[in-house]
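Data first, discussion second: the structure below is written as structure tokens.
Chain A is the first sequence line, chain B the second, and so forth, proteins listed ahead of strands; every chain is numbered from 1.
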Number of protein chains: 2
Amino acid sequence: MANIPAPVQNLIDAFSMLPGIGPRTASRLTFFLLKNNTDIAQKLSTALMNLKTETALCKECFNITLAGHDLCAICENDQRDQHELCVVETPMDVIVLEQSGGYFGKYHVLHGLLSPIEGINPEDIRLAPLFERVATGDYKEVIIATNPSMEGDATALYIRQRLEPYHVRITRLARGLPSGGELEYADQNTLLRALSGRQEM
Amino acid sequence: MANIPAPVQNLIDAFSMLPGIGPRTASRLTFFLLKNNTDIAQKLSTALMNLKTETALCKECFNITLAGHDLCAICENDQRDQHELCVVETPMDVIVLEQSGGYFGKYHVLHGLLSPIEGINPEDIRLAPLFERVATGDYKEVIIATNPSMEGDATALYIRQRLEPYHVRITRLARGLPSGGELEYADQNTLLRALSGRQEM
């Protein structure tokens, strides 16, 4: 690492702190920015600076919203189905579901999944406000859209148990073969789920 | 893309301008920074801001150096072999060669390679100062370490022709099988080069 000027090394180090970016990629990005004469570095710097100061969490669903706003754009939108609630792990999951174009209700962002191994308990994620929201009786269906993983399943199960008293319909996103995939490459678990969840046609 | 707050979308857009980072990775990085409570975003922002204001090009070899310095750390170091000159395309190539620990001479950074297709001609890269440096007679050997690509080879050939009058030893980095690679996976060109460049053992 000899002979790299400090401002260059600092940026390489900063990029390396991001997930999935190793030292080689970090160097490549840094030298790309050094070579580049447009103001990408400036734009990125400003956007990073504004990221946290200009955003806040929606007080209802805990999705990301603009700083100074109590509610996010989705919670404020009275055109959305007010009786459907989709529970997701992260704000990014909201974006992915929005981009799918298949969901028009409201969201609840947990900001984490239950994981006894990592010491993440119900009080560490936004579960209590979820139960409060459902307790109002406003929702007819709660769609649990946590990841199809151990933690996602455990969290879904916990939510279902806790919501039992409220007589609300509780569903979970379907498991099966991904569209465009091939049977040959499906893992055993996915195949078993696709079989047990098979549907009339 | 509906319902993403502007500060979040701005950072996704800025990340997407970097090479090798698509919209999905850009979103992932952005939400990682949003979730992360340490000051990675702040560090990255500051490092980006300082990148260009605090760096300059070495007046001798055109490597990156600290702003306000005429020479880079390598050119300033009189412990380095003053008679060997290694010609590379980018400042990152300097770092890679330094990390190899196998070169102790000086460098010359071209900041590009000849490419008639892309309209990059000899006057567009730092070739003239290279010829001036060699014309001083200070160097006994010029190692051409441009990439083993069409443009790298064309640039190397051009440099060799232009340096012919100076009676300096001109070499090019060896071509052959990469260490740890397997014959089975070597492309035809690499194999041909490895054959024609075979050495006594």
Side-chain angles (χ1 to χ4, degrees), chain A residues 1-15 17-21 24-25 27-36 38 40-56 63-67 69 72-74 77 90-92 94-96 98-99 111-112, chain B residues 1-15 17-21 24-25 27-36 38 40-56 63-67 69 72-74 77 90-92 94-96 98-99 111-112:
Chain A
M1 298 293 178
N3 295 319
I4 303 180
V8 178
Q9 187 64 55
N10 288 345
L11 185 56
I12 295 175
D13 292 344
F15 271 130
M17 284 187 269
L18 298 176
I21 296 192
R24 187 59 73 107
T25 306
S27 303
R28 223 172 265 146
L29 294 176
T30 301
F31 283 99
F32 165 80
L33 290 170
L34 259 177
K35 197 180 172 181
N36 199 285
T38 61
I40 297 182
Q42 181 62 49
K43 266 189 196 145
L44 191 53
S45 174
T46 310
L48 282 161
M49 198 92 82
N50 295 342
L51 181 67
K52 291 215 179 165
T53 55
E54 295 189 1
T55 57
N63 187 11
I64 306 293
T65 187
L66 289 172
H69 286 237
C72 70
I74 295 172
N77 184 350
T90 69
M92 190 160 166
V94 173
I95 293 177
V96 172
E98 286 295 291
Q99 286 173 346
H111 289 276
Chain B
M1 298 293 177
N3 295 322
I4 303 180
V8 178
Q9 187 63 57
N10 288 344
L11 185 55
I12 295 176
D13 292 344
F15 272 130
M17 284 188 269
L18 297 176
I21 296 192
R24 187 58 73 108
T25 306
S27 302
R28 224 171 266 147
L29 294 176
T30 300
F31 284 99
F32 165 81
L33 289 171
L34 259 178
K35 197 179 172 183
N36 198 285
T38 60
I40 298 183
Q42 182 62 49
K43 268 189 195 144
L44 191 54
S45 173
T46 310
L48 282 161
M49 197 93 83
N50 295 341
L51 181 67
K52 291 216 179 164
T53 54
E54 294 188 2
T55 57
N63 188 10
I64 306 292
T65 187
L66 289 171
H69 287 235
C72 70
I74 296 173
N77 183 350
T90 69
M92 189 162 167
V94 173
I95 293 175
V96 172
E98 286 295 291
Q99 285 173 344
H111 288 275

Discussion item. If you count heavy-atom pairs within less than 4.5 Å of chain A, which of B/Leu34, B/Asn10, B/Ile74 leads?
Written reply: B/Leu34
Discussion item. Given heavy-atom pairs under 4.5 angstrom as the criterion, report whether the side chain, backbone, both or neither of A/Ile12 touches chain B.
Written reply: neither
Discussion item. Let me confirm one number: the CZ-CE distance from B/Phe32 to A/Met92, rounded to the nearest 0.5 Å.
Written reply: 13.5 Å
Worksheet item: Distance from B/Phe15 atom CZ to A/Leu48 atom CG, nearest 0.5 Å?
Response: 5.0 Å
Discussion item. Within this structure, what is the CD1-CD distance for the pair B/Ile64 and A/Gln9, rounded to the nearest 0.5 Å?
Written reply: 13.0 Å
Discussion item. Let me confirm one number: the CZ-CD distance from B/Arg24 to A/Gln99, rounded to the nearest 0.5 Å.
Written reply: 7.0 Å
Discussion item. For the interface with chain A, which of B/His111, B/Glu54, B/Lys52 has the highest count of heavy-atom pairs at distances below 4.5 Å?
Written reply: B/Lys52
Worksheet, complete the sentence: So, the part of A/Thr25 with a heavy atom under 4.5 Å from chain B: the answer is neither
Worksheet item: Which value, rounded to the nearest 0.5 Å, describes the distance between A/Ile4 atom CD1 and B/Thr65 atom OG1?
Response: 12.5 Å
Practice prompt. Find out whether B/Leu18 and A/Leu33 are in side-chain contact, i.e. whether some heavy atom of one side chain is under 4.5 Å from a heavy atom of the other.
Written response: yes
Worksheet, complete the sentence: Separation between CG (B/Leu44) and CG (A/Asp13), nearest 0.5 Å, reads 11.0 Å
Practice prompt. Identify which of B/Cys72, B/Pro19, B/Ala41, B/Ala73 forms the greatest number of heavy-atom pairs closer than 4.5 Å to chain A.
Written response: B/Pro19
Practice prompt. Tell me, out of B/Asn50, B/Ile40, B/Leu51, who's got the most heavy-atom pairs with chain A below 4.5 Å.
Written response: B/Leu51
Worksheet item: Which region of A/Ser27, side chain (C-beta onward) or backbone (N, CA, C, O), has a non-hydrogen atom less than 4.5 Å from a non-hydrogen atom of chain B, or is it both or neither?
Response: both
